[in-house]
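Notes to accompany the following structure.
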Amino acid sequence: MEENKSLFEKFQECVQKDDFSIITDDELTWMIDYLTFYPSGKDKDGDEVTSYSLKRLSKEYARRRAKLLTMSMKNLEECFKTAIENNSKYIAVKIATRGSEGAEIIINPRCNFEAKLEYYKKAYTDDLVLKTYDGIKIIGFCDSDTFDFIDFMLGED
């Protein structure tokens with residue numbers, strides 16, 4: 001990309017190509033803030049801002065943040081701790097099973113947090129592989145107050 005392009009032009013090109021590799025984390029955060037500031041569907045210059053663009057930028061941000069976390073029991077425990085502290089309604093766990101085409105998402109309500117965490121600690125290894133069958137593995141997790149956010153974070157692209 002040309003260096004003299006505006007940040008907004010760079011993002012439009014990145015969204016079109018579905019490639020955000022040249023955008024820094026700070027630029028990505030700034031663009032999401034910018035686009036959410038103009039919820040009318042137009043930016044300050046009157047240009048259309050599609051919800052797809054915002055969703056795609058947000059997914060890229062979430063993907064980058066999730067890559068910072070390794071899938072480990074320690075981080076799963078931290079997710080539960082944060083959810084309890086924040087009074088989140090749900091914790092979702094994404095599980096891949098050998099032989100299945102797609103992963104499944106299990107949604108645990110707040111009333112089950114403590115029991116579910118104890119189950120996961122007993123049933124899964126530190127790498128989140130089921131102890132009794134290594135063909136089942138936790139591949140993602142998040143806490144949320146809405147199903148939409150769970151789908152956004154853990155659903156398919």
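Fair warning: this is a prediction, and the values are worked out from it, not measured in the lab.
Every residue two or more places apart in sequence or in another chain that forms a side chain to side chain contact (heavy atoms under 4.5 Å, CB included) with Tyr124 is listed here: Met73, Ile95, Tyr119, Tyr120, Leu130, Ile136, Ile138. Under the rule for a side-chain hydrogen bond (donor to acceptor under 3.5 Å, both in side chains), Asp148 has no partner lying at least two apart in sequence or in another chain. Contacts of Glu114 classified as salt bridge (charged side-chain N to carboxylate O under 4.0 Å, His left out), with partners at least two apart in sequence or in another chain: none.
Scanning all heavy atoms of the two residues, the minimum distance from Ser72 to Leu128 falls at N-CD1, 3.6 Å. Residues Ile107 and Tyr90 approach most closely at CG2-CD2, 3.7 Å, considering heavy atoms.
Annotation: side-chain hydrogen bond (donor to acceptor under 3.5 Å, both in side chains) contacts involving residues 126-146, sequence neighbours excluded, comprise Ser88-Asp143, Arg98-Asp134.
Criterion: ILVMFWY side-chain heavy atoms under 4.5 Å apart, direct or through other members. Under it, Val129 and Met71 are not part of a common hydrophobic cluster.
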Result block: side-chain N/O donor-acceptor pairs under 3.5 angstrom for residues 77-86, not counting sequence neighbours:
from, atom 1, to, atom 2, distance (Å)
Thr82, OG1, Glu78, O, 2.9
Asn86, ND2, Thr82, O, 3.4

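Residue Phe141 forms a side-chain contact (heavy atoms from CB on, under 4.5 Å) with just one option from Ile150, Asn108, Asn75, Ile106, and that option is Asn75.
Using modelled atom types, no side-chain atom of Lys94 and backbone atom of Ile139 make a donor-acceptor pair closer than 3.5 Å.
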